[in-house]
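Here the structure comes first, spelled out in structure tokens, and everything after it is commentary.
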Amino acid sequence: MAILVYAESLTGDCKKPAFEAVYYGSKLAEKSGTECIALVLGEANNAPELGEYGADKVLQVTHEHLKDFDSSVYTSVIAQVVEQVNANRVILSHTSTGKSLAGRLSVRLKAGLVSGVNALPAEGDGLIVKKPVFSGKAYGHYKITSDIAVLSLMGNALRTEKSGSLATVESLSTDVPAPKVKVKSLEVKTGEVPLPEAELVVSAGRGMKDPSNWNIIEELADVLGATTACSRPVSDTGWRPHHEHVGQTGIAIRPNLYIAIGISGAIQHLAGVNNSKVIVVINKDPEAPFFKAADYGVVADLFDVVPKLTESFKKFKAS
Amino acid sequence: MKYLVCVNKTPDTTAKISFKNDGKEFDDSGVQYIMNPYDEWYALVRALELKEANGGEVVLINVGGPENDTVIRKGLAIGGDKAVRINGSGDSFYVASQIANYAKDNNFDIIFAGKESIDYNGSEVPAMVAELLDLPFISYGIKLEMEGETATVTRDVEGGVEIAEVNTPFVISAAKGMAEQRIPNMRGIMMAKKKPLDVVEPTSVEARVEISSFELPPPKAEVKLVDPENMDELVRLLHEEAKVI
Ligand SMILES: Cc1cc2nc3c(=O)[nH]c(=O)nc-3n(C[C@H](O)[C@H](O)[C@H](O)COP(=O)(O)OP(=O)(O)OC[C@H]3O[C@@H](n4cnc5c(N)ncnc54)[C@H](O)[C@@H]3O)c2cc1C
Ligand SMILES: Nc1ncnc2c1ncn2[C@@H]1O[C@H](COP(=O)(O)O)[C@@H](O)[C@H]1O
């Protein structure tokens, strides 16, 4: 038996979600005394680094048909590799790619699926894994009763460590069916860490009054090296791009630090951010509901206090 | 074209979450149920828009008990032509199997679902339906345009967007951006009462996953207020106490 991790690399490189999944797989393998095998499909320039995150072996399938992402084609290839290496646990990242694959793969492998797990399984009979449910308002413990299990790992759920060394990548061949989905373009913003992967997030809401005031948010984010986010009304009115919208209907994130500025803390907003490790709230209203979910709070006018906070971070970074 | 829209019933977004029976069961006393927002606002409305533009039929499907009928009727009030409820409940694979089983005999051009249910946040069912029917699948669609049988879809990927082309039939899960929420009007509500809602018995499917228990996060400690005149102190706390910078 082995643990197979699909390490995604749609942009040509393995990124944080892939490293996290491999790290999770290697911890799982350690626990069960098996091997952690990482699989990359198509281009993956930095695949050897997967060894550093604990992969005992890195396999690669390359083929013309893997250039466009078609969940059916990828599923078919991963399923063949599962069989070749005799894996009983398959780990994916809980990203849009992972979500396109997890359900398909579980059907193909006749495997139980738990998506969005955030911890290593507990000991005991059968495989029991934990994941956030009800938009982060609670956790569920799921028991998988089938022989093969597919798990997808929530982003930022565990801190990875590099413990291994660069791996040599072995190439593998499988059948690769022709894709039915034709990808026309893939635009990934460079330079900025995508929100789901971000460890530091600076977020602002309607308290900002006007989109032209966002320079103070951007400066703060710049100094910190943080990614910016916003509340829903702010993106709905076009003050900020829609991909910044966090919450129930937007993106769910779990950074180490979430700084919420001029956001009231409505339950639908909290649903997407309350798994953050540390929450700082800046609001002029001491009764704002967000303070109940915060670790640190500053009751003040944001226009006064945000520039001061930026200065303090600058000093800290310089020291 | 024929459109199938998968609609789920979920607790209202503001519902207080608690558990009973030793944390083994969700306690729904006092909980208001709604149609899963992604299904109602985006999947259903986009299907209706396509029907309005090019003709066809919009069928709603739900897997669940009779208590789901109110939510299904709301979908009919918003504009669905008819609905079918598969009278059973189970894990994601069970639900997907029932939907696929119904769909395979009914030749739908597009099967719509929401990107995820806001109760168990799985994002599991739509991909399973696609696999069971051997159809292409587009997840997290934020835009869908049809030109004959070819769809151009924009979907969210980590930190960006992807634009892809796919021919019918296919399965798509809808996210914010695909359409604008519609509020049912009086006429819609009246008409919904007369629209067919068929109840079909489920096929037997063995569960592969069960929920063994739930837990609530530990209560949050009281917020620590920091003097607005002393942001150095906040930075110090984040560095030394919280250790996040
Ligand atoms: C089904 C559903 C889904 C939803 N999904 C989401 C979601 O995903 N994400 C989301 O964010 N919302 C969502 N909402 C909306 C949510 O309920 C709130 O309306 C929204 O989050 C409020 O945004 P806000 O906090 O920016 O604005 P407001 O509620 O208007 O709050 C502004 C805050 O700024 C403070 N403020 C004002 N001026 C200053 C100043 N000068 N200095 C300091 N503080 C100041 C005010 O005290 C106030 O607390 C959803 C709602 C529904 C019904
Ligand atoms: N019981 C159900 N009946 C009909 N559709 C469902 C059901 N459960 C989930 N779905 C559909 O699948 C989508 C994703 O759900 P999930 O996999 O539960 O996150 C939902 O947005 C619905 O469109």
Side-chain angles (χ1 to χ4, degrees), chain A residues 70-72 75 95-96 99-100 102-104 106-108 112-116 128 133-135 137-146 180-189 194 196 242 248-250 256-257 267-268 277-278 291 293-300 305 308-309 312-313 316, chain B residues 11 13-14 17 19 37 92-93 96 118-128 130-132 136-140 155-167 176-177 207-217 220 223-226 228 231-232 234-235 237-239 242 244-245:
Chain A
D70 179 326
S71 59
S72 177
T75 296
T95 54
S96 35
K99 289 166 191 170
S100 309
R104 289 205 94 115
S106 72
V107 168
R108 184 93 47 128
L113 164 65
V114 179
S115 58
I128 299 181
V133 292
F134 297 104
S135 307
K137 288 188 254 184
Y139 296 100
H141 298 268
Y142 286 71
K143 185 171 174 176
I144 299 183
T145 49
S146 51
K180 290 184 187 152
V181 176
K182 230 193 278 148
V183 175
K184 294 277 169 195
S185 71
L186 174 61
E187 271 174 52
V188 180
K189 285 212 299 195
H242 113 96
Q248 180 111 68
T249 39
N256 284 329
L257 175 61
I267 195 150
Q268 297 91 354
K277 193 164 160 233
V278 171
F291 285 117
D295 299 280
Y296 301 100
V298 184
V299 180
V305 85
K308 286 183 188 153
L309 181 58
S312 295
F313 275 126
F316 168 76
Chain B
T13 50
T14 56
I17 302 302
F19 304 101
S92 301
F93 180 63
I118 63 168
D119 47 7
Y120 301 110
N121 305 94
S123 264
E124 296 176 358
V125 170
M128 288 179 173
E131 181 66 19
L132 287 162
F137 172 53
I138 306 287
S139 67
Y140 285 57
R155 67 182 198 99
D156 270 333
V157 297
E158 268 53 44
V161 289
E162 182 191 88
I163 300 177
E165 249 177 36
V166 61
N167 288 336
K176 186 192 171 200
R208 294 170 181 168
V209 175
E210 54 200 51
I211 296 187
S212 52
S213 65
F214 292 104
E215 81 187 77
L216 290 169
K220 195 101 184 171
V223 56
K224 213 178 238 184
L225 291 178
V226 181
M231 285 299 98
D232 286 353
L234 178 56
V235 172
L237 288 167
L238 292 176
H239 179 60
V244 287
I245 55 166

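Throughout, protein chains are lettered first and strands after them, A, B, ... in sequence-line order, and every chain is numbered starting at 1. Values below: all heavy atoms of this structure, side chains included; hydrogens, waters and symmetry mates excluded.
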- Message: Counting heavy-atom pairs closer than 4.5 Å to chain B, which one of A:Lys308, A:His141, A:Lys99, A:Arg104 comes out on top?
- Response: A:Arg104

- Message: Looking only at the side chains, is there a donor atom on one of A:Ser96 and B:Glu158 sitting less than 3.5 Å from an acceptor on the other?
- Response: yes

- Relative to chain A, which segment of B:Ala207 carries a heavy atom at a distance below 4.5 Å: side chain, backbone, both, or neither? backbone

- Message: Would you compute the distance between atom CG of B:Asn121 and atom NZ of A:Lys137 and round it to the nearest 0.5 angstrom?
- Response: 10.0 Å

- Message: At a heavy-atom distance under 4.5 Å, which candidate from B:Asp156, B:Val166, B:Ile17, B:Val125 has the highest pair count against chain A?
- Response: B:Ile17

- Note on the structure: Looking only at A:Thr75, A:Val305, A:Thr95, A:Val299, the option with the highest number of non-hydrogen pairs under 4.5 Å against chain B is A:Thr95

- Task: Heavy atoms only, distances under 4.5 angstrom: which of A:Gly112, A:Ser135, A:Ser72 has the most pairs with chain B? Name it, please.
- Result: A:Ser135

- Message: Taking side chain as everything from C-beta outward and backbone as N, CA, C, O, which of these in B:Leu234 sits under 4.5 Å from a heavy atom of chain A? Side chain, backbone, both or neither.
- Response: side chain

- Task: Counting only heavy atoms closer than 4.5 Å, note whether B:Ile211 contacts chain A via side chain, backbone, both or neither.
- Result: both

- Is it the backbone or the side chain of B:Pro126 that comes under 4.5 Å from a heavy atom of chain A, or both, or neither? neither

- Roughly how far, to the nearest 0.5 Å, is CD1 of B:Ile118 from CZ of A:Phe134? 9.5 Å

- Task: Could you look at A:Leu186 and say if it's the side chain, the backbone, both or neither that has a heavy atom under 4.5 Å from chain B?
- Result: both

- Item | Region of B:Leu237 in contact with chain A, defined by heavy-atom distances below 4.5 Å | both

- Residue B:Ser92 versus chain A: region with a heavy atom under 4.5 Å: neither

- Message: Taking the side chain as everything from C-beta on, heavy atoms only, tell me whether A:Tyr142 gets closer than 4.5 Å to A:Val133.
- Response: yes

- Item | Part of A:Ala294 within contact of chain B (heavy atom distance under 4.5 Å) | both

- Look up atom CD in B:Glu210 and atom NZ in A:Lys143, then write down how far apart they are to the nearest 0.5 Å. 6.0 Å

- Task: Take the angle between the ring planes of B:Phe19 and B:Phe214 and call it parallel below 30°, perpendicular above 60°, tilted in between.
- Result: parallel

- Given that the side chain runs from C-beta out, which part of B:Lys176 has a heavy atom under 4.5 Å from chain A: side chain, backbone, both or neither? both

- Roughly how far, to the nearest 0.5 Å, is the NE2 atom of B:His239 from the CZ atom of A:Phe313? 11.5 Å

- Message: Are A:Gln248 and A:Ile267 packed together at the side-chain level, in the sense that at least one heavy-atom pair is separated by less than 4.5 angstrom?
- Response: no

- Could you look at A:Asp70 and say if it's the side chain, the backbone, both or neither that has a heavy atom under 4.5 Å from chain B? neither

- For B:Tyr140, is it the side chain, the backbone, both, or neither that has a heavy atom closer than 4.5 Å to a heavy atom of chain A? side chain

- Contact check, side chains of A:Gln268 and A:Thr249, non-hydrogen atoms, under 4.5 Å: no

- Message: For chain B, which candidate among A:Lys277, A:Arg108, A:Lys180 shows the most heavy-atom pairs at distances under 4.5 Å?
- Response: A:Arg108

- Query: Quick one: what part of B:Tyr120 sits under 4.5 Å from any heavy atom of chain A, side chain, backbone, both or neither?
  - Reply: both

- Around A:Lys182, counting heavy atoms of other residues, nucleotides and ligands shown, do more than 12 lie under 6.0 Å from its NZ? no

- Query: Quick one: CD1 on B:Ile245 to CG on A:Asn256, what's the gap to the nearest 0.5 Å?
  - Reply: 11.5 Å

- Task: Considering only heavy atoms and a distance below 4.5 Å, find which of A:Ser71, A:Pro196, A:Ala300 pairs most often with chain B.
- Result: A:Ser71

- Given a strict heavy-atom distance threshold of 4.5 Å, which part of A:Glu187 is in contact with chain B: side chain, backbone, both, or neither? both

- Query: Any sub-3.5 Å donor-acceptor pair from B:Glu124's side-chain atoms to A:Ser115's backbone N or O?
  - Reply: yes

